Amino acid sequence: MRYSQLFIPTLREVPAEAEIESHKLMIRAGLIRKFASGIYNFLPLGYRVFRKIENIIREEMDRQGGQELHMSALIPAEVLRESGRWDVFGPEMFKLTDRSSREFCLGPTHEESFTVSVRNEVRSYKNLPQILYQIQTKFRDEIRPRFGVMRCREFIMKDAYSFDRDEAGLDVSYRKMHDAYCSIFDRCGLDYTVVQADSGAMGGSGSEEFMVKSNVGEAAIAYCDDCGYAANDEKAQCVEPSGPAVSKQAGMFEKVHTPGIGSIDDLCGFFDCGAEKFAKTLIYLADGKAVAAVIRGDRDLNETKLQNLLGCVVLEMADPESIRKSTGAEVGFAGPVGLGIRKIMDLEVRHMVNFITGANETDYHLKNVNPADCGNVEYADIRNIASGDGCPVCGSPVKMDRGIEVGHIFKLGTKYSDALGCTYLDENGKERPMVMGSYGIGVARTMAAIIEQNNDSGGIIWPVGVAPYQVIIIPVNTTNEEQVALSEELYSKLIDAGIDVLLDDRKERAGVKFNDADLIGIPVRITVGKRAAEGVVEYKMRRDAKSTDMESGAALDRIRTDLGL
RNA sequence: CGGGAUGUGGCGCAGUUUGGUAGCGCACCUGGUUUGGGACCAGGGGGCCGCAGGUUCGAAUCCUGUCAUCCCGACCA
């Protein structure tokens, strides 16, 4: 394509709305424009990259036996009512009604659509397994869209669903999707990690996330360099401190007057000690019922773990009134001793000796408390893992990092097939629920993640496989006939060779063209300049600092090598 | 939803404290000179200062309300 005819609105200055590098560059390079909060339009250059990524996804999904189809974005309420999710999704779902008041939503996800389709058509074990997928727009009214296309309200996802006869079949399908995802993200040039994840509200027996390491990632991951263990922080298991729990005698504690001092920070000052000397007691409402969660003062509670343990639908921090009712004290003075509600205590607390807790009496704390004082408690892993904690597999200290979740694969089991009656008849004529898996990739988020990992001060550095154009030809001086002629010759040869090539025929100064070429990140740049009359051009890879002079024919050969053709 | 900030040509910003003809840089158009890392000279076009009320002789500026956007948090297959 000829640059002079294209719609590539690059920007010199960084729009004020963008915070992270990928977002800034996507706007500056003319890939996207914001249309409303959390809603973006893709411009031609951005859409070319988008389609490259989509096609990589298609190829790898198809290679594993996936079949592409397309489900309606508009979903009738009844299928979500049938699975019970119409109300579960709540305000995150865009709901609407048609002219005769029938209810619909703009699909936030498509488990129901796929499950209903398969249920209506597939009856026999002979037709299983199936892996179906689509690349489709999802709508979620995110509470806080951010970072451009990283988290937005309308986004395109590749979502796949597998249907198998049994768990063993699911394992096979799941493995195929896992492998497909590895190939996809490899081809996108991403440095990623596969981590264990909580399957959350999706239900099911296991899930893994594909995380692109990045300090702007929204997810925290714990990993172990020694054994390779890696998990999302929601999932990462905390091991109980080794050795037997200390069984200090009960009743050694004493009450201390701590007027108005309820926060851990203030208490550290008052008692002149570190936060690890405290056992903090957090009051939660699990489906409306008060529960106490006790963890060491310097730790963070892991609500996912607590919720999984309690098996409740809604878990929220208790309001001050509920706290008063269940502890008999104001907020900040709760403690496990003598507390009359269900108490979940973190494994670590079992090993603490002579710690400080609230006294369940306003303005009082207890010191020298020991587990034996706490009465009936349940011990469980309910805290967040922290850097330096023991790896649950090998015991080495784990490290923490941040990651962008670009893909997530789930073993759903029969949650949806049970709810929606998606069954088949086995060899014995017996009706069984299909065993399902679901597999998602955020396409635009993947694009943003690629940019996060591949940029410099000049702009984007596209990996060859996803670049909007693979080669850009820059005639330095468009009034020089020899330069123009050689540029045109190379241009048509590259087109004939089936290479995506951009000819920067704009009547701009060389500096402008170089800077735009760097900004939009084209992998190979051919500069046709002073030595055009000798048939010599400059060859430069975007990722390299220096260029090399070579005869134009040699440049064509070199392109084939560098693009892996 | 809580906390913070910002809305002034396409983009980035100044002007608001102390009311008095709406500015700068970039981009854009015309002409000329230039032509290897975002050229220069000259001329030019484009803004109900987010919106609605109010105060005032007079409001970008003061007051009230409202909307939007961004950041932090809560939230989130």
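Please read all numbers here as calculations on a predicted model, not as lab measurements.
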*Do the side chains of A/Ile27 and A/Glu17 get nearer than 4.5 Å, heavy atoms only?*
yes

*How far does the P atom of B/U69 sit from the matching atom of B/G15, given to the nearest Å?*
26 Å

*How long is the line joining CD of A/Glu142 and P of B/C1, in whole Å?*
16 Å

*Is A/Glu218 touching bases, backbone alone, or none of the nucleic acid, heavy atoms closer than 4.0 Å?*
nothing

_Rounded distance (Å) that lies between atom C1' of B/C76 and atom CD of A/Glu209_ = 12 Å

*Please give, in whole Å, the distance from B/G36 P to A/Tyr539 OH?*
24 Å

*Is any side-chain nitrogen or oxygen of A/Arg144 closer than 4.0 Å to OP1 or OP2 of B/C1?*
no

*Between C1' of B/C26 and CD1 of A/Ile27, the distance in whole Å*: 17 Å

*If the P atom of B/G37 is compared with that of B/G25, how far apart are they to the nearest Å?*
24 Å

*Of A/Tyr161, A/Tyr416, A/Tyr439, A/Phe163, which is the lone residue that meets ring pair (Phe, Tyr, Trp, His ring centres under 6.0 Å) with A/Phe114?*
A/Tyr161

*When all nucleic acid strands are considered with a 4.0 Å heavy-atom cut-off, which category describes A/Glu303: base, sugar-phosphate, or nothing?*
sugar-phosphate

What does the list of N/O pairs under 3.5 Å between the protein and nucleotides 67-69 of chain B look like, with a distance for each?
unit_1, atom_1, unit_2, atom_2, d
B/U69, OP1, A/Ser37, N, 3.0
B/U69, O3', A/Lys34, NZ, 2.9

*Between A/Lys507 (NZ) and B/G38 (C1'), how many Å, whole number?*
19 Å

*May I ask you to say what A/Asp516 touches in the nucleic acid, namely base, sugar-phosphate or nothing, with a heavy-atom cut-off under 4.0 Å?*
base

_B/G10 versus B/C49 - spacing of their P atoms, nearest Å_ = 13 Å

*Indicate, yes or no, whether a donor-acceptor pair under 3.5 Å links the base of B/G37 to the side chain of A/Arg12.*
no

*When rounded to the nearest Å, what value does the distance between P atoms of B/A60 and B/U16 take?*
14 Å

*Within 45° cone of A/Tyr174 ring axis and under 6.0 Å: A/Lys411 NZ or CZ*: yes

*asked:* Which residue in the set A/Val537, A/Val471, A/Leu490, A/Ile526 passes side chain to side chain contact (heavy atoms under 4.5 Å, CB included) when paired with A/Leu556?
replied: A/Leu490

*Mind checking the C1' distance from B/U21 to B/C26? Whole angstroms is fine.*
26 Å

*Scan A/Ile143 against the nucleic acid and name what it touches under 4.0 Å (heavy atoms): base, sugar-phosphate only, or nothing.*
base

_It should be established whether A/Arg509 places a side-chain nitrogen or oxygen under 4.0 Å from OP1 or OP2 of nucleotide B/A39._
yes

*Rounded off to whole Å, could you give me the CE-to-P distance for the A/Met150 and B/C71 pair?*
12 Å

*asked:* Could you check whether the side chain of A/Asp518 and the base of B/G37 have a donor-acceptor pair of N or O atoms closer than 3.5 Å, going by distance alone?
replied: yes

*Does the side chain of A/Ser438 reach to within under 4.5 Å of the side chain of A/Glu111, using non-hydrogen atoms?*
yes

*Per the atom types in the model, does the base of B/G38 pair as donor or acceptor with the side chain of A/Glu508 at under 3.5 Å?*
no

*Mind checking A/Arg33 for me? I need base, sugar-phosphate or nothing, with any heavy atom below 4.0 Å counting as a touch.*
nothing

*Roughly how far, to the nearest 0.5 Å, is CZ of A/Arg28 from CD1 of A/Ile520?*
12.0 Å

_Using a 4.0 Å heavy-atom cut-off, does A/Met93 contact any base of the nucleic acid, only the sugar-phosphate backbone, or nothing at all?_
nothing

_C1' atoms of B/A5 and B/A39, separation to the nearest Å_ = 38 Å

_Taking the ring centre of each residue, are A/Tyr133 and A/His70 less than 6.0 Å apart?_
no

*On the 0 to 90° scale, with breaks at 30° and 60°, tag the A/Phe94-A/Phe139 ring pair as parallel, tilted or perpendicular.*
perpendicular

*Watson-Crick/G-U partner (both atom distances under 3.5 Å) of B/C76*: none

*Whole Å only: how far is the CG atom of A/Leu11 from the C1' atom of B/C26?*
10 Å

*Given the P atoms of B/G20 and B/A59, what is the spacing between them in whole Å?*
11 Å

*Would you mind telling me which residue lines up with the more 5' stretch of RNA chain B, A/Pro108 or A/Asn477, judged by nearest nucleotide?*
A/Asn477

*asked:* Ring-plane angle category for A/Tyr47 and A/Phe50, please: parallel below 30°, perpendicular beyond 60°, tilted otherwise.
replied: parallel

*Taking the side chain of A/Arg151 as its heavy atoms from C-beta onward, which of B/A74, B/G38, B/C76 lies nearest to it?*
B/C76

*With sugar-phosphate meaning primed atoms plus P, OP1 and OP2, does A/Tyr439 contact a base, only sugar-phosphate, or nothing at under 4.0 Å between heavy atoms?*
nothing

_Expressed as a whole number of angstroms, how long is the span from A/Ile474:CD1 to B/G36:C1'?_
10 Å

*Report which part of the nucleic acid A/Ala18 touches: base, sugar-phosphate, or nothing (heavy-atom distance under 4.0 Å, all strands).*
nothing

*Which sits closer to the 5' end of RNA chain B, A/Ala16 or A/Thr527, going by the nucleotide each is nearest to?*
A/Ala16

*asked:* Under 3.5 Å for both donor-acceptor distances, Watson-Crick or wobble: does B/U35 have a partner, and if so which one?
replied: none

*Could you measure between the two C1' atoms, the one in B/C28 and the one in B/C71, and give it in whole Å?*
32 Å

*With both distances under 3.5 Å as the test, what is the Watson-Crick or G-U wobble partner of B/U30?*
B/A42

*Can you figure out which of B/G37, B/G25, B/G38 approaches the side chain of A/Phe514 most closely?*
B/G37

*Given B/C70, is OP1 or OP2 found less than 4.0 Å from the side-chain N or O atoms of A/Arg146?*
no

*Looking at the side chain of A/Pro15, which of B/A39, B/G37, B/G12 is the nearest nucleotide?*
B/G12

*Assign A/Pro9 to base, sugar-phosphate, or nothing according to its heavy-atom contacts below 4.0 angstrom with the strands shown.*
nothing

*Which class fits the ring pair A/Phe210 and A/Tyr192: parallel under 30°, tilted 30 to 60°, perpendicular over 60°?*
tilted

*Answer yes or no: does atom CE of A/Met550 have more than 12 heavy-atom neighbours from other residues, nucleotides or ligands under 6.0 Å?*
yes

*Taking the side chain of A/Arg28 as heavy atoms from C-beta outward, which of B/G36, B/G38, B/C70 is closest to it?*
B/G38

*Among B/C71, B/U35, B/G36, which nucleotide sits nearest the side chain of A/Thr479?*
B/U35

